[in-house]
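Before we start, here is the structure in question, set down as structure tokens.
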Amino acid sequence: MEEFNKTFVTEFILLGITDLPQLKSILFITFLMFYLLSFVGNLSIVAVIIADHGLHTPMYMLLCNLSFLDFFYATTTVPKMLSGLLLEDKKISFQGCITQLHIFHFLGSTEAMLLSSMSYDRYVAICNPLRYQVLMAREVCFQLAFTSWLIGFLYSLFHTILTSRLPFCNMNEITHFYCDIKPLLKLACTDTHINESLVNIVTGSVALGSFILIIISYSFIATHLQNIHSKQGKSKAISTCTSHFTVVLLYYGTAFFTYLRPATKNSLEQERMTAILFTVITPALNPIIYTLRNKDVKRALRKLVLQSLLVKQIQYY
Ligand SMILES: *[C@@H]1O[C@H](CO)[C@@H](O)[C@H](O)[C@H]1NC(C)=O
């Protein structure tokens, strides 16, 4: 009889962030602002770096990758969440859900790899400046970027295949605002202990691996800074890596805050809240951090704006 009643799920319901109607409009406006900010901020950085030949250096090409990624990262989850808040449009097809899960984890893990590549770039620039042209040649930089995207893609493919093969029947309400692995594992009508362990092990090793690479780069940088005696030299070296360091703190700070806590009964509920940090807030803050602390980006941005204004004027006459 029970078998007979089983229907396989063809679509999921994303329950979203909140059920409270009073909160919905406030959250909608707040998240819309953050989304617009990350939209404009990240695409401006991509445009500025592509347009300005002075910025075609490894550091800025990797930053260009990061902004390009952040734009899509926010776009994978936020518009769907906003339409859930405003229009009560909570349905997502099975394929849509799996696609969202894949892109979200693909971009999220690629970001970790890119941050590691960027820390290597900063290590070479500060500790080995004379060999920078060789060690961070165009091809090397391209390989670093390409490998980051490739590992991110394969890592995510692994999760996507494992999750999409689970049987889902009867229950289809996801207690989250996007399709993530753990909420889906909770819904599967089979024992998912092996999946859960695999997710923890694989995610943990990718996150830890890229984090350790960053720690190693920054320990070399820190040791090197102690040996620089001129104040000017020191502050110049520091100023070239503060933006990157801030972005790293933001990324790993929110990731550890979300995932490295004892699993309690409410942990899924809390994960949903803290997920707002890295889906909505971080992608909007990254371009601000890089623009505010960086003279070259500011200069190139001014140039680009002036140029486009000038073009408009010429067209006008
Ligand atoms: C990413 O970085 C690589 C390496 O420099 C560069 O060739 C590529 O154009 C960049 N892609 C994007 C989208 O920024």
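Counting starts at 1 for both ligands and their atoms, following the listed order.
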Gln22 atom CD, over 12 foreign heavy atoms within 6.0 Å: yes
Whether over 12 other heavy atoms sit under 6.0 Å from Arg138 CZ: no
For Phe68, the ligand 1 atoms whose distance to one of its heavy atoms is below 4.0 Å: 13 (C)
Atom indices of ligand 1, in the order listed, that fall short of 4.0 Å to a heavy atom of Cys141: 4 (C), 5 (O)
Ring centre gap for Tyr35 and Phe31 strictly below 6.0 Å: no
Ring centre gap for Phe153 and His102 strictly below 6.0 Å: yes
Selection from Gln143, Met61, Arg138 by shortest heavy-atom distance to atom 9 (O) of ligand 1: Met61
Residue selection (non-hydrogen contact nearest atom 8 (C) of ligand 1) among Leu114, Asn65, Ile50, Thr57: Asn65
Those atoms of ligand 1 less than 4.0 Å from some heavy atom in Cys64: 14 (O)
For Phe142, the ligand 1 atoms whose distance to one of its heavy atoms is below 4.0 Å: 4 (C), 7 (O)
Phe158 atom CZ, neighbour heavy-atom count above 12 within 6.0 Å: yes
